[in-house]
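Sharing a structure below in structure tokens format, with a few things to ask.
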Protein chains: 2
Amino acid sequence: MSRQKVNNMEEFAKVSGISRPTLSKFFNDPQSVRTSTRSKIEFALEEYEYRPNIFAINHNRKSTKTIGIVVPYLADPFFAEIVRKIERHCIEAGFWPIVFSAHGEQQLENDALATLQSLRPAGALIAPLGKRSDLDCVKRFTEEVQTVVFDSNVDVGEAFVGSDNIHNVGLIVDYLCETGDAPCFFEMPPVNPNANKRREAYVTAMERLGHAPKVVQVKGTGWNFEKIGLEEGTRLISSGSLPSETILCSNDRLAVGLIAAAYQQGLRVGNGNNCALRIAGHDDHPWSQFTCPPLTTVSQNYEAITERSVGMLFELIDGGGSRQERPEVLFEGKLVLRASA
Amino acid sequence: MSRQKVNNMEEFAKVSGISRPTLSKFFNDPQSVRTSTRSKIEFALEEYEYRPNIFAINHNRKSTKTIGIVVPYLADPFFAEIVRKIERHCIEAGFWPIVFSAHGEQQLENDALATLQSLRPAGALIAPLGKRSDLDCVKRFTEEVQTVVFDSNVDVGEAFVGSDNIHNVGLIVDYLCETGDAPCFFEMPPVNPNANKRREAYVTAMERLGHAPKVVQVKGTGWNFEKIGLEEGTRLISSGSLPSETILCSNDRLAVGLIAAAYQQGLRVGNGNNCALRIAGHDDHPWSQFTCPPLTTVSQNYEAITERSVGMLFELIDGGGSRQERPEVLFEGKLVLRASA
DNA sequence: CAAAAAAGTTTACGTGTGTAAAATTCACGA
DNA sequence: TCGTGAATTTTACACACGTAAACTTTTTTG
């Protein structure tokens with residue numbers, strides 16, 4: 001490394017022979033300067049080590065190149081995966097994504113929003129906690145920052161992108177009813193609107209098929225879905241109080257716990273004659289293909305959801321002001337047939 | 001909300017009746033101003049909506065309040081959990097943690113380090129990719145930024161904090177040998193020093209107990225450990241080429257895949273007479289308690305590792321210059337006995 | 001109650017970049 | 001070769017806060 005260090009744009013202007021305002025233009029958008037100038041600058045960048053100071057850059061910009069991402073629980077691989085994809089899309093578009101996790105807590109969500117707001121981001125993509133969110137706080141945030149809401153549809157922000165729960169749950173209820181007993185619905189007290197929508201969709205689908213819906217709601221709070229699925233599943237199984245031998249879980253993580261409960265109680269899960277239970281989930285969570293047996297579920301279209309969310313946000317950022325209507329885009333998932341049901 | 005908006009510290013100084021330099025002191029450390037002044041300011045904060053601009057704050061500080069966290073793969077719940085804990089420790093200490101994930105790729109790790117460096121952080125906590133890291137790049141980073149390395153011990157930075165693989169693997173090898181057949185060791189090509197250390201520790205422990213070590217290395221790259229465990233495990237089982245019916249996996253995620261493979265091949269996993277395989281892991285991964293059967297493993301002391309990492313970093317930041325020796329702190333895990341072995 | 005110590009105010013300058021306006025230079029076609 | 005519009009340079013100011021020094025006020029101490 002013979003590259004010399006350069007401390008600021010002024011110095012880099014001297015050594016590169018390009019004026020500072022032009023350099024400023026270049027760093028904001030390399031395409032905006034003449035090809036010959038660009039190659040001069042790039043040549044100098046090889047020679048000298050220099051990167052514009054991020055704080056100074058954003059200090060005096062009207063519109064920052066920062067994009068805030070707020071999720072309820074980053075340790076959930078679903079969100080980890082979503083965030084990963086969103087980050088990529090942002091970086092490709094020349095933005096600087098910055099991730100916050102609420103860790104399931106209202107206070108931390110509020111803190112994240114406040115910190116984010118003081119970063120004056122160009123826009124934000126948020127998946128609110130849902131029921132636990134401080135809606136006033138979230139609303140105030142969205143009034144200052146262009147926001148696309150995803151995954152959990154609370155009525156704030158300029159747009160929503162998520163999954164078509166009605167369609168998805170319909171898919172799997174149809175499948176389960178066609179291939180065996182009508183399912184009961186296994187859920188915990190809903191942490192966000194998705195859980196509610198899924199229960200409602202289950203009830204609708206069952207009634208459409210002429211079955212009596214049977215909802216089993218177990219106790220449990222927080223984001224330890226597997227733990228709740230295991231503990232409450234164990235209780236239900238050992239007391240024989242499951243209303244059906246086919247169980248549709250509100251999400252895959254709950255199903256992971258329930259499968260573990262069944263295994264530990266010596267019940268075989270799956271489609272065969274020698275199986276005592278059929279278990280299905282929703283989300284096609286990254287873990288779901290590794291359960292024993294592998295979990296039958298409905299996928300969410302991760303790629304479409306992230307791409308559209310980011311896309312809509314960029315439209316908002318480019319378009320400037322907010323529009324009249326608040327579009328809600330829902331993507332349909334697909335049935336993922338594995339061995340558990 | 002009747003709170004009026006205030007745009008900068010100057011304006012807030014006017015409305016609060018406190019001079020700007022004092023306000024500056026207050027926002028850096030509320031304890032540094034007199035109680036009466038503090039309450040005046042806090043009262044005004046109730047009345048007026050104001051938060052200092054983060055970019056302006058960090059723009060002209062010698063030492064930023066930013067702490068960079070770089071992990072190889074954030075979608076891995078192990079790192080998600082670690083990051084969660086680190087973030088908390090930082091926030092409690094009044095720092096601003098900012099997380100980057102390399103997503104398993106060298107280029108992204110380099111990008112993250114470069115971006116982080118331009119943020120001029122007070123310090124950094126990094127878990128390098130390991131074998132895939134661009135060591136020169138990482139080294140250059142650590143020469144500019146006070147860095148504590150954790151999890152994966154590559155020889156850079158001011159200190160290392162991690163797990164005592166030798167002790168941990170010894171624990172579980174001892175346990176497995178006491179309670180049944182001596183284990184073989186199931187691994188994929190190592191992605192970081194931990195994997196190597198664990199294999200070596202396995203060999204040492206086996207020789208100490210008078211057994212011939214049997215290492216089974218399967219193909220596979222990247223961070224899809226479960227997938228590799230499942231696919232290669234299926235191959236090994238169906239071809240009958242496992243050298244022992246007791247299998248110690250290099251980490252829990254590999255074990256998750258292997259358990260799934262065994263299940264799909266109709267082999268029962270566990271300790272009983274009717275079981276064909278015993279499978280054990282390492283890490284006590286968040287998923288491990290939900291496998292079928294639950295996974296016997298060695299825990300890592302997450303809390304100790306994160307607390308000590310952050311603690312050492314704060315010492316470095318306070319202490320200023322770098323010291324002579326490069327301390328390596330290793331924490332011992334505990335045997336976690338479940339049903340799989 | 002006076003002196004000392006602590007805290008706050010005033011004043012002034014530094015930070016590294018964005019950005020606007022006017023002046024100059026360049027590239028390209030006629 | 002010249003004219004034209006586009007690109008670049010020059011110049012100058014803005015941004016919001018950190019920080020230092022000299023001075024003033026408040027609090028503490030003996």
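Both backbone and side-chain heavy atoms feed into the values below; hydrogens, waters and symmetry mates do not. In what follows, every chain begins at residue 1, and chains take the letters A, B, ... in the order their sequences are listed. These numbers were taken from a predicted model, which means no experiment stands behind them.
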Do V99(A) and E87(A) have side-chain heavy atoms sitting under 4.5 Å apart? yes
Could you check how far CG of N58(B) sits from C1' of dT17(C), rounded to whole Å? 15 Å
Value in whole Å for how far the C1' atom of dT11(D) lies from CD of E10(A): 12 Å
For Y50(B), answer base if it contacts any base atom (sugar-phosphate contacts may also be present), sugar-phosphate if it contacts only those atoms, and nothing otherwise; contact means non-hydrogen atoms under 4.0 Å. sugar-phosphate
Assign N28(A) to base, sugar-phosphate, or nothing according to its heavy-atom contacts below 4.0 angstrom with the strands shown. sugar-phosphate
Per the ring-ring contact (aromatic ring centres under 6.0 Å, His included) rule, what does the pair list look like for residues 5-33 of chain A, sequence neighbours excluded? F12(A)-Y50(A), F27(A)-Y50(A)
According to the salt bridge (Lys or Arg N to Asp or Glu O under 4.0 Å) rule, which pairs have a member within residues 147-156 of chain B, sequence neighbours left out? D155(B)-R326(B)
Given atom NE2 of H59(A) and atom P of dG18(D), what is their separation to the nearest angstrom? 10 Å
Quick one: list whatever passes ring pair (Phe, Tyr, Trp, His ring centres under 6.0 Å) with F331(A), sequence neighbours left out. none
Could you state the atom-to-atom distance from NZ of K14(A) to P of dT9(D) in whole Å? 15 Å
Among side-chain atoms of D111(A) and Q107(A), is any donor-acceptor pair under 3.5 angstrom? yes
Would you be so kind as to tabulate the donor-acceptor pairs closer than 3.5 Å made by side chains of residues 71-78 of chain A, with sequence neighbours excluded?
{"from": "Y73(A)", "atom 1": "OH", "to": "R84(B)", "atom 2": "NH1", "distance (Å)": "2.9"}
{"from": "D76(A)", "atom 1": "OD1", "to": "F78(A)", "atom 2": "N", "distance (Å)": "2.8"}
{"from": "D76(A)", "atom 1": "OD1", "to": "H285(A)", "atom 2": "NE2", "distance (Å)": "3.0"}
{"from": "D76(A)", "atom 1": "OD2", "to": "R253(A)", "atom 2": "NH1", "distance (Å)": "2.8"}

Rounded to the nearest Å, what distance is computed from the CG atom of residue N8(A) to the P atom of nucleotide dT15(C)? 9 Å
What is the distance from CG of N53(A) to P of dA16(D), rounded to the nearest Å? 17 Å
Looking only at dC15(D), dT17(C), dT19(D), the nucleotide nearest the P52(A) side chain is dT17(C)
Taken to the nearest whole Å, CZ/R51(B) to C1'/dC17(D) is 15 Å
Whole-Å distance between dT19(C) P and F27(A) CZ? 15 Å
Residues in salt bridge (Lys or Arg N to Asp or Glu O under 4.0 Å) with E144(A), at least two apart? K5(B)
Its contact letters, B for base, S for sugar-phosphate only and - for none at protein heavy atoms under 4.0 Å, make nucleotides 5-14 of chain C read --SSBBBB-B
So, does S24(A) get its side chain near the phosphate of dT17(C), meaning an N or O under 4.0 Å from OP1 or OP2? no
